[in-house]
2 protein chains.
Amino acid sequence: MVFTPVRQARASGEIVLQIERAIFDGELRPGDRLESERELAEQFSVSRITVRDALRVLEARGLINVKVGATGGAFVSETNLDQVVGSISTMIALRKMTLSEPAEARTVVETATAELAAERADDAAIQRVGETVERGRSVVREQLPHTEASMDFHVAIAEAARNELLCATVRAYRDLLMQTLDDMRDVRSARATQKAHEEILEALRARDGEAAGKLMLEHLRDFEKRLRRYLQTKDATSDGRSQRKPAPRTARIERIERLRRASSR
Amino acid sequence: MVFTPVRQARASGEIVLQIERAIFDGELRPGDRLESERELAEQFSVSRITVRDALRVLEARGLINVKVGATGGAFVSETNLDQVVGSISTMIALRKMTLSEPAEARTVVETATAELAAERADDAAIQRVGETVERGRSVVREQLPHTEASMDFHVAIAEAARNELLCATVRAYRDLLMQTLDDMRDVRSARATQKAHEEILEALRARDGEAAGKLMLEHLRDFEKRLRRYLQTKDATSDGRSQRKPAPRTARIERIERLRRASSR
DNA sequence: GGCCGCGAATGGTACTACCATTCGCCGCGC
DNA sequence: GCGCGGCGAATGGTAGTACCATTCGCGGCC
């Protein structure tokens, strides 16, 4: 059978495709407002219910966001991976992935981005990396949480590598680790992190890809090690549930929900 | 403001959270069937509409799938990242990335996965990689398109690396490249690809991570080179649209739709 | 000139009804 | 007794209507 169905199983599916297509074709650009649900229903010759089903799907995919009120409606969203990242988090939690998975994935991806960044970053990009390092330094000095500054540094590196896909990947991994990292902050490791960052920045400025990659690798391996140790002590001090037992589900849920709230802000 | 809203903006959102939570907590396991929409509506004290809105969202997130009919209903799906991977592909396509980006990203990620695979794959996984190589060989012999077999090989490697997040990343990259690769098939490169795959498999069997990584790196660098050359000749022979012009949107849409069809099968 | 309130537009939800699909069960025919 | 076909029930999909809550703009009032 080489033919495709003449219509989607659901009418709402067809609507999703059409709107999606309009967005891809550029007929709808980020920020544009779709017609109201009632108008769309008329245009598609379906009921409002069907239109709403379609909008729900598009919303869940992060393609649009919906506001209520007089000037409300469905707006094509700026392309961002927040929704997708949320879905990934959900899936990962469901699969009971350990946090070491994103940590490991991050290590391999960011080692490469560091190399690339050193080789092809323009001055402005390096400048931006430098600013994040600067911010990190003052944060360490005042003994404030270092997590966010640290993450900004890594994203800046990825941006300097001039590959949007890698950058998106790094951001996704970052979001996965973010919430947990907030808990494991401690001053000593913040200082070590800051030192590593400054060394990497030097390598970037020297345009030494090999060194940058090597330093980043060390830095992230060290991070992986700290994370593992942290998870162990946490498991040990908790109420005895080990990795083999069902799961520390509740804690995980809270993290997920926190993440979702954060991304919806 | 440290307080959280007492309820979700939408009732359907609250329902999503509750069902999601039930899945996380293990009260609902993959394969389980939720109550019918009418029953759920009664339990939640809302209308069927609201329940359906919630189910749409959960479905879009890949947490459940819905069947019609007497024995139909919403079933907790086996956790798989297909929906998520699809969303990523959509987002990436929206950002109008050039094909060289996924190619490059793929190079760095898969080099690492090859190393990891060699170091930690179990025999069954290597066996599966071997099967894809075998299939590739017969495909080459009969001069059939090599793309799919080749991609299967790379996914098998990622699975062997025992890191689901990396595996999902590889699959996402793969989907992005797939369609274009279909066009650039040529017998010579298929043979070169096959040869590279067989060498990598050898390295895997020898548990030589360094060699596997090195071979994969060469293999993918070579692929990047071929891709670039192919894109150049294609640009030259096409109607002159360059990377700077708006975009070859239509082609991209078709690809996306093909992709979606493929993943929904 | 600024503030308040009213009304219109819009999404959110409810209720009802009917259709299409699917499957199990029962009865009919072999 | 066995199998097959059809009927009916359960379920999701869609339609239509109505009403509520939110939001914003506009006009009138202070």
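Here is how names work: the chains are called A, B, and so on, in the same order as the sequence lines, proteins then strands, and each is numbered from 1.
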Do B:R174 and B:H154 have side chains that get closer than 4.5 Å, going by heavy atoms?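 The answer is no, as the side chains (C-beta and beyond) never meet within the 4.5 Å cut-off.
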Taking the side chain as everything from C-beta on, heavy atoms only, tell me whether A:I64 gets closer than 4.5 Å to A:L55. yes
Donor-acceptor check, side chain of B:R33 to backbone of B:G72, threshold 3.5 angstrom: yes or no? yes
Please check: side-chain N/O of B:E37 versus main-chain N/O of B:V51, any donor-acceptor pairing under 3.5 Å?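 Such a contact is absent between B:E37 side chain and B:V51 backbone.
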Pairs satisfying salt bridge (Lys or Arg N to Asp or Glu O under 4.0 Å), at least one member in residues 150-161 of chain B, at least two apart: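 Applying salt bridge (Lys or Arg N to Asp or Glu O under 4.0 Å) to every pair that reaches into residues 150-161 of chain B, excluding sequence neighbours, yields B:R135-B:D152, B:E159-B:R171.
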Who are the side chain to side chain donor-acceptor pair (under 3.5 Å) partners of A:R128, not counting sequence neighbours? none
Within this structure, what is the [atom1]-to-[atom2] distance between [X] and [N], rounded to whole angstrom?
{"X": "B:E37", "N": "C:dT22", "atom1": "CD", "atom2": "P", "result": "16 Å"}
{"X": "B:E35", "N": "D:dA10", "atom1": "CD", "atom2": "C1'", "result": "15 Å"}
{"X": "A:F44", "N": "D:dA15", "atom1": "CZ", "atom2": "C1'", "result": "17 Å"}
{"X": "B:L40", "N": "D:dG13", "atom1": "CG", "atom2": "P", "result": "13 Å"}
{"X": "A:L55", "N": "D:dT14", "atom1": "CG", "atom2": "P", "result": "13 Å"}
{"X": "B:R10", "N": "D:dT22", "atom1": "CZ", "atom2": "P", "result": "14 Å"}
{"X": "A:R33", "N": "D:dC24", "atom1": "CZ", "atom2": "P", "result": "13 Å"}

So, is B:R52 near the phosphate of D:dG13, with a side-chain N or O under 4.0 Å from OP1 or OP2? yes
Measure across B:T169 and B:L165 and return the closest heavy-atom pair with its distance rounded to 0.1 Å.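 It is OG1-O, 2.8 Å.
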Which of D:dT14, D:dT11, D:dG25 is nearest the side chain of A:T71? It is D:dG25
Could you tell me which residues satisfy ring-ring contact (aromatic ring centres under 6.0 Å, His included) with A:Y173, sequence neighbours excluded, listed by chain and number?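 With sequence neighbours excluded, A:Y173 shows a ring-ring contact (aromatic ring centres under 6.0 Å, His included) to no residue whatsoever.
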Please write out each protein N/O paired with an N/O of nucleotides 14-18 of chain C under 3.5 Å, distance rounded to 0.1 Å.
| unit_1 | atom_1 | unit_2 | atom_2 | d |
| --- | --- | --- | --- | --- |
| C:dA14 | OP2 | B:S47 | N | 2.6 |
| C:dA14 | OP2 | B:S47 | OG | 2.9 |
| C:dA14 | OP2 | B:T50 | OG1 | 2.5 |

Which residues satisfy the salt bridge (charged side-chain N to carboxylate O under 4.0 Å, His left out) test with B:E134, sequence neighbours excluded? B:R137
Could you go over nucleotides 4-8 of chain D and give all protein N or O partners under 3.5 Å, atom names and distances?
none

Select from B:K67 and A:V68 the residue whose nearest nucleotide in DNA chain D is closer to the 5' end of that strand. B:K67
